[in-house]
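Below: one structure, written as structure tokens.
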Amino acid sequence: MNRSTLVPFLVLLGACASDYKVHADPDPNDGADTGDVIPDDPTDTGTPVDTSEPDDEAGRPIAVCSVAPNPVTPPFEAATWDGSGSYDPDGLTIDRYRWTLLSQPDGSTLSISGSGATSNPFTPQIAGTYTGQLVVTNSAGVDSNPCTVDLEAVPAEDLWIEMYWQFSGDDMDLHLLAPGRGTSSMETSWDCYYANCVGSGLNWGGPGREDNPTLDLDDIPGTGPENINIEAPENGTYTVVVHDYPGSTYSGANNVTINIYLDGALEWTDTRAISGENSYTTFAEVDYATRTVTTR
Ligand SMILES: [Ca+2]
Ligand SMILES: [Ca+2]
Ligand SMILES: [Ca+2]
């Protein structure tokens with residue numbers, strides 16, 4: 001076989017090998033057949049890939065989105081959504097920035113405000129993931145495709161208890177009882193609640209502040225959230241109680257959700273319907289030494 005006949009033969013051989021790979025599975029619809037892995041021929045570059053931009057990108061500006069700082073610690077640290085890296089490949093100016101909050105944790109009712117390249121301060125109160133979307137518009141009025149980015153809100157405190165509820169006009173109050181105290185100590189200095197614990201004020205555990213409870217948020221007219229947290233809890237068993245405060249305008253069944261985070265991670269969640277007025281509902285006990293939450 002001389003060279004002129006050898007080359008067509010090898011090309012034909014390559015085509016046959018390729019066909020064999022495609023048809024190797026006798027029944028491609030057989031779900032039980034996981035198939036064999038046949039290594040690709042490294043010299044076979046296959047069908048050329050079209051690396052040009054899809055038609056959908058033509059003439060569009062490019063939205064570039066980020067958020068910082070990320071993560072943030074709820075409920076006071078603010079993040080900024082930033083679209084200032086957006087540009088137009090044809091050199092047109094970016095005339096409009098539109099941020100939309102695509103998703104947020106249950107119980108959170110935020111939106112992204114601001115019309116410039118960067119948003120107004122955005123302050124998550126509920127722990128979890130917030131997904132922002134940016135669409136920019138160039139001076140020809142053409143929109144970009146959307147850019148999305150996630151912001152994480154992660155509690156800094158080792159014990160973080162958050163509460164929200166379904167219907168407004170029904171004041172719910174979060175209470176946290178000190179280790180070993182139980183519900184007989186409701187509304188004493190061993191109970192952290194709206195009357196004694198906003199911004200702290202109680203000294204639990206050792207002499208330092210790190211094991212004291214703090215009620216960061218108190219809400220009366222809305223649907224929460226409220227939260228109580230302890231930076232470095234003492235070992236012991238805490239009790240989490242919800243008081244349906246009397247005198248509200250709404251007294252029907254109201255779904256109340258409690259989320260308990262230990263060391264920054266969601267450990268326990270429960271939603272219960274509370275109706276009427278002036279009831280105390282024990283949701284859970286938290287044994288911090290063993291990182292155990294028990295439903296009550
Ligand atoms: Ca309240
Ligand atoms: Ca203390
Ligand atoms: Ca009620």
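Residues take their numbers from the sequence shown, with the count starting at 1. A quick note: this is a predicted structure, and the numbers were derived from the prediction, not measured. Order of listing sets the numbers, starting from 1, for every ligand and every atom in it. Just so you know, these numbers use all the heavy atoms, side chains as well, and skip hydrogens, waters and symmetry mates.
Under the 3.5 Å distance criterion, with hydrogens and angles disregarded, a donor-acceptor pair is assigned to the side chains of Ser84 and Asp82. Checking Thr131 against Thr148 by side-chain atom types alone, no donor-acceptor pair falls below 3.5 Å. With hydrogens and angles left out, the side-chain atoms of Tyr288 and Asp263 include a donor and acceptor closer than 3.5 Å. A donor-acceptor pair shorter than 3.5 Å cannot be found between the side chains of Asp150 and Thr129. Asn212 and Thr214 share no side-chain donor-acceptor pair at under 3.5 Å.
Geometry at the Ca ion (ligand 3): OD1/Asp244 and O/Gly276 form an angle of 100°, nearest 10 degrees. Between the OD1 atom of Asp170 and the OE1 atom of Glu277, the angle taken at the Ca ion (ligand 3) works out to 90° after rounding to 10°.
Residues Ile112 and Tyr130 share a hydrophobic cluster, clusters being chains of Ile/Leu/Val/Met/Phe/Trp/Tyr side chains in contact below 4.5 Å.
Protein-derived N/O/S atoms nearer than 3.0 Å to the Ca ion (ligand 2) total 6, waters excluded.
Residues Ala127 and Glu162 come closest through the heavy atom pair N-OE1, 3.1 Å.
Below the 3.0 Å limit, the Ca ion (ligand 1) has as protein N, O or S neighbours Asp171 OD1, Met172 O, Asp173 OD1, Asp219 O, Glu226 OE2.
Other residues, nucleotides and ligands contribute only 12 or fewer heavy atoms inside 6.0 Å of the CZ atom of Arg96.
You'll find the side chain of Tyr164 stays beyond 4.5 Å of the side chain of Thr223, heavy atoms only.
Once rounded to the nearest 0.5 Å, the distance linking OH of Tyr280 with NE2 of His243 reads 3.5 Å.
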